[in-house]
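Notes for the one structure printed next.
All values below were derived from every heavy atom in this structure, side-chain atoms included, with hydrogens, water molecules and symmetry-related copies excluded.
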Amino acid sequence: DEGRKKANNKTDADEEAHAACGIHCRSDDNESPRARKSRLHHQSRLCDTRKKRIIWVMVTAAFTFVVAVVAIIILVSSSVAKNQTKNGHASYSLVVSFLIRQGISSEADVTRAGSPQHKAAVWIATTTLKDDNADFLLESPVSSRDNTSLSNHDNVDSLLFQQFIQRYALATFYYALGGDTSWDFSMNFLSQHDDDTCDWFQQLATENGGQVDKFGALCNTAKRVHKILIPWNNMAGQVPPEIGLLTDLRFLAIPSNRNVGGTLPSEMKKLTNLEFLMLSQNNFNGTLPDWIGDLTKLSSLSLGSNDFQGSIPSSIGNLTELTFLSMERNFLSGQMDAVEPLVNLQFLYLEKNQFEQTLGSDTFRNLTNLQQLDLSDNFLDGRVPRHLLHMSALHVLDLSNNALSGTLPTNIARNSALEFLFLYGNQLTGEIPESVQNLTALNHLDLSNNNNLTGPLPFFLGALSDLTYLFLANNEFDKGPIPGFLPQLGALRDLSLKGTHRTGTIPSFIGQMTSAMLLDLDRNELTGPLPTELGLLTSLGLLLLNRNELTGTIPSEVSNMSNLAMLLLDNNIVIGDTTPFCGLNSLQVFVADCGGDAPEVECFCCSKCCQNDGQDCNDGDLLAQFDPTWEHNYQRRGYKFSDDLLFVPVSGSDDA
């Protein structure tokens, strides 16, 4: 009975399960247990089959749904991509049409694939145009190329137009000068903040780790680019004509980018607001354009260290606001008269060109505001104009390496302004006039390599107490001793009396020249021993005593010359041991008579050994003249005796 009860309970549960499955079969109350069991078994099989069908239908439906969704996504994405491509192409076409219609860029430039204009147009089309700001491209009227600017489109949305033109012009400038390939610093060009260009700059330390400054494109309060400053940035290419669109520019400086070159685009004549233009130390070529005279607001013009040729255009005389003019290190020729009207000039640099002109009593007489004048390394002849030595503001005068002749001006008036006077490498004759002592502020005086200056070395040079540099080398002065006025020049650092017929011994007062860094007594007729007082010259770095008749042994005191880097002692009759010099850790170049079968000195540290037997050895003139440059503020940055013999300033120098 208990077993039958359990069986009946299971059967009832099966009935309920089958009912849940949706299978209902009529039962007979008189149905036997065996028949009921057979019926329930059949119903169970039917229920399992129905469950499997339901699951299959559900899986099939889910799969179909997923496939449909994926297909819809693909179709939508494809449609969006096609629309974007279509819109992008439409934007580019719109930009190109506008640029050509307005005369902003030539059709040839803007449609040539890979050109700076084409790259800029593509960039503008893909980053700048939006549905709500492109209407002005369609509505703006045709404008002639010559009248295109940021201010002559009053009948369109001027702000949008200005932003568009400014971005396009700067983008073209960026691509034309290698911004996408060679710049060391991006200057944040092509950034896309608010369709603006006023953040296209970086704050960087100036050259040699100086103060932090802003470099790039800088805007004024009206958000117009008024300054472009990008020096030393490895730019490469040519300045594009679109630079002329930036008519609010007041400051344009891209110096020291040696791969920037070509001719200056004529569109630059539109930059009539320019006050500062610096294109120096690049590779620009061609002639200086006449339109340079249209930039009448310029106060500073720097075109030095390029490959410009031809004459200075007369139109430069229109730049009456100029105070700074730099055209050095080019291939300019002809005369310099074109700059005569520039009466406000304070700094004029025309050195290292090919100018041919006879200097006379009126040359630059009207340029009374001049502070620095450099005409060196040209083909100038005539005499040294006296009035240049009388200018009350002039403190640098460099006429070296020309063909000036005659005597030095006499009756020089008292002048406390002139500090640098360079007249070396000319054909001057006669004696040094006594009135030169009236140049009371002289710091540098170089009369070397004139070959024909005569007379005694004048004692009155001792009155020039501020002298730090005195070069009188290679002239025909009267024979005589090393002048006794030298101890009066307590600040003297560089002295060259090479080839000036000095006789007698090296005086003991040489030890009083404790500021000396260069002492050149080469190629004279000096005799006697090396004075022990040389050991007092602890700042001395360069000592040239070669090609004399010095005798005796090397004093031990010279071992105190702790900064000595170069010593030329050859072609003398000095004998003995060079150990006092060889013990100097600073010594880099040492030439002595230590060669041949019977050397006069023993030298284990010499860089070159000569033999005093008449053979040529170290017979070239090594003259570390100071070639002054305004870029370095007329300070000596090194001692260059030859291409492979260069010394940086030694301890004690204030120079960089």
Side-chain angles (χ1 to χ4, degrees), residues 176 237-241 243-244 252-272 274 276-343 345 347-360 362-364 366-367 370 372-382 398-404 629-631:
Q238 297 187 28
V239 176
I243 191 71
L252 175 58
I254 54 171
S256 303
N257 291 284
R258 285 298 186 182
N259 293 316
V260 173
T263 58
L264 299 179
S266 60
E267 287 78 3
M268 287 184 68
K269 66 183 178 183
K270 300 177 184 178
L271 305 180
T272 53
L274 268 183
F276 187 100
L277 178 58
M278 189 175 193
L279 304 176
S280 55
Q281 298 184 38
N282 289 303
N283 198 29
F284 291 107
N285 54 42
T287 58
L288 296 178
D290 285 334
W291 54 256
I292 199 75
D294 295 341
L295 308 181
T296 54
K297 292 185 179 180
L298 277 177
S299 63
S300 179
L301 175 60
S302 181
L303 302 175
S305 297
N306 283 286
D307 292 326
F308 291 116
Q309 56 186 331
S311 59
I312 300 176
S314 58
S315 62
I316 205 169
N318 298 333
L319 308 181
T320 54
E321 299 298 316
L322 271 185
T323 61
F324 183 102
L325 178 58
S326 162
M327 293 183 174
E328 78 282 357
R329 297 182 183 88
N330 281 287
F331 298 95
L332 299 174
S333 57
Q335 300 202 344
M336 304 173 292
D337 296 341
V339 304
E340 292 278 4
L342 306 179
V343 294
L345 271 181
F347 306 92
L348 177 57
Y349 309 109
L350 300 177
E351 72 270 20
K352 292 180 171 61
N353 279 287
Q354 299 172 2
F355 293 115
E356 298 181 62
Q357 183 169 332
T358 299
L359 300 187
D362 292 327
T363 303
F364 300 148
N366 294 327
L367 305 185
L370 279 177
Q372 298 182 6
L373 174 61
D374 194 341
L375 306 178
S376 61
D377 292 276
N378 281 288
F379 300 102
L380 309 179
D381 57 20
D398 190 349
L399 302 176
S400 58
N401 287 331
N402 281 290
L404 302 178
T629 59
W630 66 267
E631 297 94 334

Given side-chain contact (heavy atoms from CB on, under 4.5 Å), test Leu350 with Leu373 step by step and report yes or no. CA-CA 8 Å; Leu350 300 177; Leu373 174 61; over 6 Å; no
Gln281 side chain to Ser256 side chain, donor-acceptor N/O pair below 3.5 angstrom: yes
For Leu279 and Met268, the nearest pair of non-hydrogen atoms, with its separation, is CD1-CE, 4.5 Å
So, the side chain of Asn330 versus the backbone of Leu303: is there a donor-acceptor pair under 3.5 Å, distance only? yes
Under a 3.5 Å threshold, yes or no: a donor from one side chain and an acceptor from the other, between Asn318 and Thr296? no
Please report the interatomic distance CD1(Ile312) to CE(Met336), rounded to the nearest 0.5 Å. 8.0 Å
May I ask you to decide if Gly286's main-chain N or O and Thr263's side chain share a donor-acceptor pair within less than 3.5 Å? no
Begin with the C-alpha distance, continue with both residues' side-chain angles, and end with the deciding distance and a verdict on side-chain contact (heavy atoms from CB on, under 4.5 Å) for Phe379 and Asn402. CA-CA 5 Å; Phe379 300 102; Asn402 281 290; 5.6 Å; no
Note, Leu332 side chain near Met327 side chain (heavy atom, < 4.5 Å): yes
Between Asp377, Asn378, Leu380, which is the residue that forms a side-chain contact (heavy atoms from CB on, under 4.5 Å) with Asn401? Asp377
Does Phe308 offer a backbone N or O that forms a donor-acceptor pair with the side chain of Asn306 under 3.5 Å? no
Are any of the side-chain heavy atoms of Ile292 and Ser315 separated by less than 4.5 Å? yes
If you round to the nearest 0.5 Å, how far is CG of Leu325 from CG of Leu367? 10.5 Å
side-chain contact (heavy atoms from CB on, under 4.5 Å), that's the test. Do Asp381 and Leu359 meet it? Break it down for me. CA-CA 6 Å; Asp381 57 20; Leu359 300 187; over 6 Å; no
Could you tell me which non-hydrogen atom of Pro265 sits nearest to which non-hydrogen atom of Trp291, and how far apart they are? O-CZ2, 3.4 Å
To the nearest 0.5 angstrom, please state how far the CG atom of Asp307 sits from the CD atom of Gln309. 8.5 Å
Please confirm whether the backbone N or O of Pro255 pairs with a side-chain atom of Asn257, one donor and one acceptor, at under 3.5 Å? yes
How long is the straight-line distance from CG of Leu274 back to CG of Leu298, given to the nearest 0.5 Å? 6.0 Å
Can you tell me how far CG of Asn353 sits from CD of Glu351, rounded to the nearest 0.5 angstrom? 8.0 Å
Identify the two heavy atoms, one from Leu348 and one from Leu370, that lie closest to each other, and give their separation to 0.1 Å. CB-CD2, 4.0 Å
Step by step, would you call Leu271 with Leu277 a side-chain contact (heavy atoms from CB on, under 4.5 Å)? CA-CA 10 Å; Leu271 305 180; Leu277 178 58; over 6 Å; no
For the residue pair Leu295 and Leu301, establish whether any side-chain heavy-atom pair is separated by less than 4.5 Å. no
Closest non-hydrogen atoms of Glu356 and Gln335, given as atom of the first, atom of the second and distance, are O-CG, 3.5 Å
Between Glu340 and Phe364, is there a donor-acceptor pair closer than 3.5 Å when you use the side chain of the first and the backbone of the second? yes
Testing the basics here: between Pro313 and Pro289, what is the closest heavy-atom pair and its distance to 0.1 Å? CG-O, 3.8 Å
Measure from the side-chain N and O atoms of Arg258 to the backbone N and O of Asn282, and report whether any donor-acceptor pair falls under 3.5 Å. yes
Stepwise ring pair (Phe, Tyr, Trp, His ring centres under 6.0 Å) check, Phe276 with Phe324: CA-CA 9 Å; Phe276 187 100; Phe324 183 102; 7.7 Å; no
Please report the closest heavy-atom contact between Gly317 and Pro341, naming both atoms and the distance. O-CB, 3.9 Å
If I take atom CG from residue Asn285 and atom CD from residue Gln238, how far apart are they, to the nearest 0.5 angstrom? 8.0 Å
Go through the side-chain N and O atoms of Glu328 and Ser326 and say whether any donor and acceptor fall under 3.5 Å apart. yes
